[in-house]
S.K.: 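Dropping a structure here in structure tokens format, bear with me for questions.
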Amino acid sequence: MNEVKTPKKPLLFYYAIVIGVLLLFNILVTPRMFSPHIQEVDYGTFVRMTEEKDIGMVQIESNQIVFTDKSGEEFYKTGVLEDGELVNRLQEAGAQYGSEIVEEASPIISFLISWLVPILLFVGVGQLLSKKMMKKMGGPDSMMFGMGKSNAKIYVKSSSGIKFSDVAGEDEAKENLAEVVEYLHNPKKYTEIGASMPKGILLVGPPGTGKTMLAKAVAGEASVPFFSISGSEFVEMFVGMGASKVRDLFKQAKEKAPCIVFIDEIDAIGKKRDGHFGGNDEREQTLNQLLTEMDGFEGNTGVMILAATNRPESLDPALLRPGRFDRRVPVELPDLKGREEILKVHARRVRVSPEIDYSAVARMASGASGAELANVVNEAALRAVRENRRMVTQADMEESIEVVIAGYQKKNAILSNKEKLIVSYHEVGHALAAALQKNTAPVQKITIIPRTSGALGYTMQVDEGDQHLLSKEELTAKILTFVAGRAAEEVVFGSVTTGAANDIEQATKLARAMICRYGMSEDFGMVAMEQMTNQYLGGDASLTCSPETQTKIDEAVSKLVQEQYEKAVSMLRENKPKLDELAKHLYEKETITGETFMDILYKRM
Ligand code: ADP
Ligand code: ZN
């Protein structure tokens, strides 16, 4: 795709260079160019040269004496001393008195040199730069230095543009957007019947799910120009600039219609306007301008605005009302099938071994976004190169999923033997608890190789397919599995370590959600006591109940987790021989697969 970009000029940088050059010029060049090189000598030398009659011209000034030797070629200067005999001695030596041995540059000329030339140079460079920019920004009517000009990049249509086929999964979103493509191809079909396309379409979903890609794909499929700008680019230091950028963007877009305008991160300008807190004038003006522009053009001018956000709940309602962004297309995290397709799409770009089981890889990468999956394929290819192989293998894929999830292996992290043993027991505790319960996902792999993310080891469980519903039993089983690591430490060593921090966090989160959101506790019943905010960005929750209830919730959460912990402890106590055997094996091998784990657990029981 040919992108015609308008790069931002670092103006300051150019001026810094100019100033630097001028300084050098002033320090080094000016004084020398207009005066001969004058050697500074002491008064004694002057007297000696006078006595030796090796003296030509002399010029006595108030603060220095400048003189030449007999030949008049060498120039000297010295300070002035109270010397009554000086004139006599000079007379004797046959010196001539001059007043212009060293011609001082006339004050006018020196003024010109030290002031006017730099200023002229300065202005000259400025002019040159601004002219250059104006040309780039499209004509002299633009404001000085392109201020207020939009930085929307124009993506000229080209045959290599992104198509819907490059965006894997996301079938619903594609279906929805296909209509837009159809409209851009053949607007008449719609206008004849009196239907008008929505002016704006909002793509909503977590980061890295392909929203930008989809917008580009719409432009690619319809072969129309694609303008893209990020919401944060509108928000400038100067009030009014953002609004002027919006105006400009729409002016450009209307000239190029039919076309797609894509505004990424629209929440940066489209946040709810609130009167208090002094407000953010710049952002509000920008938003107002955007609203005005969107109202200003008719539905069928062929300008289609796509915008992306992962915080839809924070958008100003005015932006979402009909006639503006009235259609909302969810772009969710890919499901199992979607993940498999995304992996395949990206694997087209690398040389892969034919026996890669994409479905297995996709299962391991549960919860990964499109961007993360693209990263997985790339990491796998890098790993293949590192190991001097010519193809990406299944093992590369699996390892790179771990890299993307848990970070690289930390080769130089040296655990003491005691620590290694504790980590082994901890991980086997998780794995054993998972295996001994119903309602849990099978163990895929256990490892105690430290990762750069800080994990000293981990147990990977992989579900067979996507799970859309989780039962209460499954959730409790998950909590038990989380706390089983710590339980193993207690059962075996009688003391506990910091290694369980992350487990505790996850167990607590789950327990709290069960009580506050899923209505799974007898004490509280089906009352929502928590509200999700930011569902696409990790999902924070805010409590919506009285302080008294909060206290009770805290108690209930702690009770729920504690119960599961006690169950885990007794479960591991009962299976202590297996726990020992497995931990010993893991300690020696450092990584064991789910199969080996199951073999040890069941076959030789
Ligand atoms: P978003 O705008 O939703 O944050 P992007 O569209 O910028 O995400 O996606 C980032 C990268 O992730 C893309 O360049 C692409 O390589 C990859 N990607 C994301 N989703 C998909 C998908 N559905 N199919 C193929 N690649 C994807
Ligand atoms: Zn753990």
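What you are looking at is a predicted structure, and each value in this text was computed from that prediction instead of being measured. Counting convention: from 1, in listed order, for ligands and their atoms alike.
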S.K.: Backbone, side chain, both or neither: what part of Leu373 comes under 4.0 angstrom of ligand 1, heavy atoms only?
M.R.: neither
S.K.: In this structure, which one of Thr591, Ile592, Leu421, Thr447 forms a side chain to side chain contact (heavy atoms under 4.5 Å, CB included) with Leu586?
M.R.: Ile592
S.K.: Apply the test side-chain contact (heavy atoms from CB on, under 4.5 Å) to residues Gln394 and Glu398: give CA-CA distance (whole Å), side-chain angles for both, the deciding distance (0.1 Å), then the verdict.
M.R.: CA-CA 6 Å; Gln394 177 83 14; Glu398 288 178 8; 3.1 Å; yes
S.K.: Please calculate the NE2(His426)-the Zn ion (ligand 2)-OD2(Asp503) angle and round it to 10 degrees.
M.R.: 90°
S.K.: List every atom of ligand 1 that sits less than 4.0 Å from any heavy atom of Gly210, numbering the atoms from 1 in the order shown and giving each element.
M.R.: 1 (P), 3 (O), 5 (P), 6 (O), 8 (O), 9 (O), 19 (C), 20 (N)
S.K.: Have a look at His426 and tell me which of Asp503, Thr497, Thr459 forms a side chain to side chain donor-acceptor pair (under 3.5 Å) with it.
M.R.: Asp503
S.K.: Measure the CG-CG distance between Leu203 and Asn310 for me, rounded to the nearest 0.5 Å.
M.R.: 11.5 Å
S.K.: Between Asp396 and Thr393, does any side-chain donor sit less than 3.5 Å from a side-chain acceptor?
M.R.: yes
S.K.: Answer yes or no: does an N/O atom from Thr209 fall short of 3.5 Å to an N/O atom of ligand 1?
M.R.: yes
S.K.: Without hydrogens or angle criteria, can the side chains of Gln506 and Asn502 be said to hold a donor-acceptor pair below 3.5 Å?
M.R.: yes
S.K.: Which part of Thr212 is near ligand 1, with near meaning a heavy atom under 4.0 Å away: side chain, backbone, both or neither?
M.R.: both
S.K.: Give the numbers and elements of all ligand 1 atoms closer than 4.0 Å to a heavy atom of Ala168.
M.R.: 22 (C), 23 (N), 24 (N), 25 (C)
S.K.: Under 4.0 Å from any heavy atom of Asp166, which atoms of ligand 1 are there?
M.R.: 24 (N), 25 (C)
S.K.: Quick one: which of Lys211, His346, Lys174, Lys216 has a heavy atom closest to atom 26 (N) of ligand 1?
M.R.: His346
S.K.: Show the numbers, then the answer: is there a side-chain contact (heavy atoms from CB on, under 4.5 Å) between Leu601 and Leu432?
M.R.: CA-CA 9 Å; Leu601 182 58; Leu432 209 51; 3.6 Å; yes
S.K.: What residue and heavy atom of the protein are closest to atom 4 (O) of ligand 1, and at what distance?
M.R.: Gly208 N, 2.8 Å
S.K.: Measuring from non-hydrogen atoms of Ala308 to any atom of ligand 1, is the shortest distance under 4.0 Å?
M.R.: no
S.K.: I want to know if ligand 1 touches Met213 in the polar sense, i.e. an N/O pair below 3.5 angstrom.
M.R.: yes
S.K.: Among all protein heavy atoms in this structure, tell me which lies nearest to atom 10 (C) of ligand 1, with the distance rounded to 0.1 Å.
M.R.: Ala371 CB, 4.0 Å
S.K.: So do the side chains of His185 and Val181 get within less than 4.5 Å of each other, counting heavy atoms only?
M.R.: yes
